[in-house]
Q: 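Let me begin by handing over the structure; questions about it come next.
First listed ligand is number 1; within each ligand, the first listed atom is number 1. Values below: all heavy atoms of this structure, side chains included; hydrogens, waters and symmetry mates excluded.
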Amino acid sequence: MDAHDSQPHQVLPHLRAVLPPDRILTDPSSLDDLARDQLRRRRAIHLPFGVPATPVAAVLPRNTDDVAAVLHVADELGVPVVEHGGGTGLMGGALCLKPAIVLDMRGMHRVLAISAEDRSVKAEAGAVLADVDAALAAHGLMLGHDPWTYPIATVGGAISTNSLGYRGGRYGSIVDQVLGLTVVLPSGTVIRTRAVPRSSTGPRLHQLFAGAEGVLGVITEVTLRAFPLPERRALLAFEFPSFEHGFSAAHELFRLGLTPALLDFGAPPRGSGRMYLGFEGLSEEVEAIAPRAAAICRHHQGVDVGGEVARAFWEHRHVTAEQLQAWRRLERAEPAPGEPGSSVVDYLHVALPPTRVVEYVHRCTALFEARGIQVREWGLWYGPELLSVAITRATDTPAELDIVVRAVDEALMLAQDLGGTMEYVHGVGIRYAHLMAREHGAGLEALRALKRALDPHGILNPGKLGL
Ligand SMILES: Cc1cc2nc3c(=O)[nH]c(=O)nc-3n(C[C@H](O)[C@H](O)[C@H](O)COP(=O)(O)OP(=O)(O)OC[C@H]3O[C@@H](n4cnc5c(N)ncnc54)[C@H](O)[C@@H]3O)c2cc1C
């Protein structure tokens, strides 16, 4: 069957043969919800016509065998499969480009085992980060991964985008915390990697599926490192006269080897900005490091605005599912970019060598402003090399939308040209697929060869990652 022709009546009987009826969703409201993620139309993108496509069905697998059975059906029929975790991805990774079977991984949401002695937790891939963390807390442990979307995003989705959380400075991206994975390949073959922190037996296979956005295999179970709940946390907030001042402070912190668990800084191009720093761990460690960091901030003209401000930031750092739904409703009521009265609000997250960051900020600010695009804020997350920018522009006509789309591409390519990467945290999805050849050079053909080898019929999340 050609993927374009997938029709529910051709696919459903096969799904019903392998799953109970309550695990197959066909109602329009669920399908509409599961056809998309948080790639919002207000971003600078020309969404292809007809996207998102209505899924032929959504399924809620109960275990790895269910996933293997669904992939077998899809492979036989040539129907695309799109994995859906929390649906919080920002790049269209979970967007349905064609009528597909959506694997709603939240059907597999159990925490399977916690070992305080081994400092590990094993969970199904559809488990929500906050739920895994809550289970760990009862054992005096926690996850090292804490993104904005912690109450909604799943462990499988986070690994598939190589997500980075607020505590990334201390614990790294989620993939740094993965000990082992269970993955189902499109053929139905199940791979179980050994859940150990180090192994020198060839390339570590679990890393192949990290950041792979579901195009190479479906992650069904995950073993993650668990960390002791910190004895002490110190939160600081400093106001800097400019982005450049805050950047210098962050740069010096890292040059000295101080790695705050939290570093979050934002400033408009010609204004002052606030940096939040968080240190956690053993009391002695935090008591030694936090004052040193504060002294460095003061040296770079940072003004201490008080622990209360920092604590308020920390307490409100997550986004809720209700907020996301409200934003989506609001957006649907607004004119689409390119229509009269519309505007684009976009944000980029590039990584650069620290020595190129300030140059990049100045060149991009000029690039955007020359096209009538307002730079709302430059930001740092985690450390001096992870840079973000939030921009906005009125887009009353398609030509104006095009101006923003092109400017964003130029900014991403400038990051590549300065020795950086076009995205450090949210993945590629469909959003940046057109720049993958430029990002990876000959490496993209190696990735495509891998995709062909593992997924010869191209059923797994086609069109994502430029593969
Ligand atoms: C307001 C907001 C704030 C955000 N803040 C952060 C942040 O602080 N840090 C950060 O890193 N990200 C952030 N994001 C992005 C998003 O939360 C992350 O990308 C998150 O890791 C995605 O998890 P998910 O479960 O929602 O995955 P989904 O969006 O459902 O899926 C993401 C990708 O993974 C694939 N996938 C999902 N599950 C599986 C699986 N089991 N096996 C194989 N492939 C799978 C999907 O097909 C898709 O390609 C933010 C998003 C929003 C809307």
Q: Return the closest protein heavy atom for atom 20 (C) of ligand 1 as residue, atom name and distance.
A: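 Result: T88 OG1, 3.6 Å.
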
Q: Considering only NZ, NE, NH1 and NH2 on the basic side and carboxylate oxygens on the acidic side, decide whether R43 and E331 come within less than 4.0 Å.
A: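 Answer for the salt bridge query: no.
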
Q: Distance under 4.0 Å to a non-hydrogen atom of G217: what atoms of ligand 1 satisfy this?
A: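 Once the distances to G217 are compared, the set is 43 (C).
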
Q: Please write down residue, atom name and distance for the protein heavy atom closest to atom 11 (O) of ligand 1.
A: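 Among all protein heavy atoms, the one nearest atom 11 (O) of ligand 1 is S163 OG, 2.6 Å.
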
Q: How far is atom 8 (O) of ligand 1 from its nearest protein heavy atom, and which residue and atom name does that atom have?
A: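 Result: W148 N, 3.1 Å.
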
Q: Among F247, F243, F238, whose ring-ring contact (aromatic ring centres under 6.0 Å, His included) with F265 holds?
A: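 Only one of F247, F243, F238 forms a ring-ring contact (aromatic ring centres under 6.0 Å, His included) with F265, namely F243.
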
Q: Using heavy-atom distances only, which candidate in V222, V155, T161, I219 approaches atom 42 (N) of ligand 1 most closely?
A: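 Nearest option to atom 42 (N) of ligand 1, by heavy atoms: I219.
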
Q: As an exercise, identify every atom of ligand 1 less than 4.0 angstrom from a heavy atom of T149.
A: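 So the atoms of ligand 1 that pass are 2 (C), 3 (C), 4 (C), 16 (C), 17 (O), 50 (C), 51 (C), 52 (C).
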
Q: Closest non-hydrogen protein atom to atom 27 (O) of ligand 1, residue and atom name please, with distance?
A: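 Checked against all protein heavy atoms, atom 27 (O) of ligand 1 sits closest to G157 CA, 3.4 Å.
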
Q: Is G89 close to ligand 1, meaning an N/O of one under 3.5 Å from an N/O of the other?
A: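 There is such a contact, yes.
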
Q: D33 pairs by side-chain contact (heavy atoms from CB on, under 4.5 Å) with which of R328, Q325, H84?
A: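 When R328, Q325, H84 are each tested with D33, the side-chain contact (heavy atoms from CB on, under 4.5 Å) holds only for R328.
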
Q: Considering the heavy atoms of A158, write down every atom of ligand 1 situated less than 4.0 Å from one of them.
A: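 Here the atoms of ligand 1 in question are 21 (O), 23 (O).
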
Q: Is there a heavy atom in W381 that sits closer than 4.0 Å to ligand 1?
A: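 Contact check W381 vs ligand 1: positive.
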
Q: Just to confirm my output: which protein heavy-atom neighbour is closest to atom 30 (O) of ligand 1, and how far is it?
A: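 Minimum-distance protein heavy atom for atom 30 (O) of ligand 1 reads G85 N, 2.6 Å.
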
Q: Of all the non-hydrogen atoms in the protein, which one sits nearest to atom 7 (C) of ligand 1, and at what distance?
A: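 Residue, atom and distance for the closest contact: P147 CB, 3.5 Å.
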
Q: Below 4.0 angstrom from a heavy atom of A125, which ligand 1 atoms are there? Numbered from 1 as shown, please.
A: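 Answer for ligand 1: 41 (N).
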
Q: Do me a favour and list the nearest non-hydrogen protein atom to atom 35 (C) of ligand 1 with residue, atom name and distance?
A: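 Looking only at protein heavy atoms, the one closest to atom 35 (C) of ligand 1 is S160 CB, 3.8 Å.
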
Q: Evaluate the ring planes of Y360 and W378, with Trp represented by its six-membered ring, and classify them as parallel (under 30°), tilted (30 to 60°) or perpendicular (over 60°).
A: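 Answer is perpendicular, since the angle exceeds 60°.
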
Q: So, are R167 and E280 salt-bridged, with charged N and O less than 4.0 Å apart?
A: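 So R167 pairs with E280 through a salt bridge.
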
Q: With the threshold set at 4.0 Å, does a side-chain nitrogen-carboxylate oxygen contact exist between K464 and E213?
A: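 Not counted as a salt bridge, because no side-chain N and carboxylate O are separated by less than 4.0 Å.
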
Q: For A94, state whether at least one heavy atom is located under 4.0 Å from any atom of ligand 1.
A: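 Yes, A94 has heavy atoms under 4.0 Å from ligand 1.
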
Q: Salt bridge or not for R274 and D264, using N-O below 4.0 Å?
A: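 No.
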
Q: Looking at T154, which atoms of ligand 1 are within less than 4.0 Å of one of its heavy atoms?
A: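 Within the 4.0 Å cut-off of T154, ligand 1 contributes 24 (P), 25 (O).
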
Q: Is any NZ, NE, NH1 or NH2 atom of the basic residue among K122 and E221 found under 4.0 Å from an Asp or Glu carboxylate oxygen of the other?
A: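 Here K122 pairs with E221 in a salt bridge, since their nearest N and O are under 4.0 Å apart.
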
Q: Does atom CH2 of W148 have more than 12 heavy-atom neighbours, drawn from other residues, nucleotides or ligands, at distances under 6.0 Å?
A: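 Check fails, neighbour count at 12 or below.
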
Q: Give yes or no for whether the N/O distance cutoff of 3.5 Å, strictly under, is met between A153 and ligand 1.
A: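 Among all N and O atoms of A153, none is under 3.5 Å from an N or O of ligand 1.
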
Q: Between H318 and Y150, what is the ring plane arrangement, given parallel below 30°, perpendicular above 60°, and tilted in between?
A: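 Correct class here is parallel.
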
Q: W314 ring centre to R317 NZ or CZ under 6.0 Å, with the angle to the axis within 45°?
A: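 So R317 does make the cation-pi contact.
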
Q: Identify, by atom number and element, the atoms of ligand 1 in contact range of N461, meaning under 4.0 Å from any of its heavy atoms.
A: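 With N461 as reference, the close atoms of ligand 1 come out as 47 (O), 49 (O).
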
Q: To check your reading of the model: name the closest protein heavy atom to atom 46 (C) of ligand 1, its residue, and the distance in Å.
A: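 That would be E83 O, 3.1 Å.
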
Q: Report, in ascending order of atom number, the atoms of ligand 1 lying under 4.0 Å from any heavy atom of G214.
A: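 So the atoms of ligand 1 that pass are 43 (C), 44 (N).
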
Q: Can A212 be said to touch ligand 1, with heavy atoms closer than 4.0 Å?
A: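 No.
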
Q: Under a 4.0 Å N-O cut-off, is there an ion pair linking R311 with E308?
A: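 Salt bridge: yes.
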
Q: Inspect the contact between D176 and R204 and indicate whether a charged nitrogen and a carboxylate oxygen are less than 4.0 angstrom apart.
A: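 No salt bridge links R204 with D176.
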
Q: Which atoms from ligand 1 have a heavy atom of G93 less than 4.0 Å away?
A: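 With G93 as reference, the close atoms of ligand 1 come out as 47 (O), 48 (C), 49 (O).
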
Q: Under 3.5 Å between some N or O of ligand 1 and some N or O of L164?
A: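 Between L164 and ligand 1, an N or O pair is found under 3.5 Å apart.
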
Q: Any salt bridge between D346 and R40, counting N to O under 4.0 Å?
A: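 Judged by the 4.0 Å cut-off on N to carboxylate O distance, D346 and R40 do not form a salt bridge.
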
Q: I need the contact type for K464 against ligand 1. Using non-hydrogen atoms and a strict under-4.0 Å cut-off, is it side chain, backbone, both or neither?
A: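 Looking at K464 and ligand 1, no heavy atom falls under 4.0 Å.
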
Q: Does R225 come within less than 4.0 Å of D118, counting only side-chain N to carboxylate O?
A: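 Not counted as a salt bridge, because no side-chain N and carboxylate O are separated by less than 4.0 Å.
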
Q: Mark the output for M105 as yes if a heavy-atom distance to ligand 1 is under 4.0 Å, and as no if none is.
A: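 For ligand 1, residue contact (heavy atoms, under 4.0 Å) with M105 is present.
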
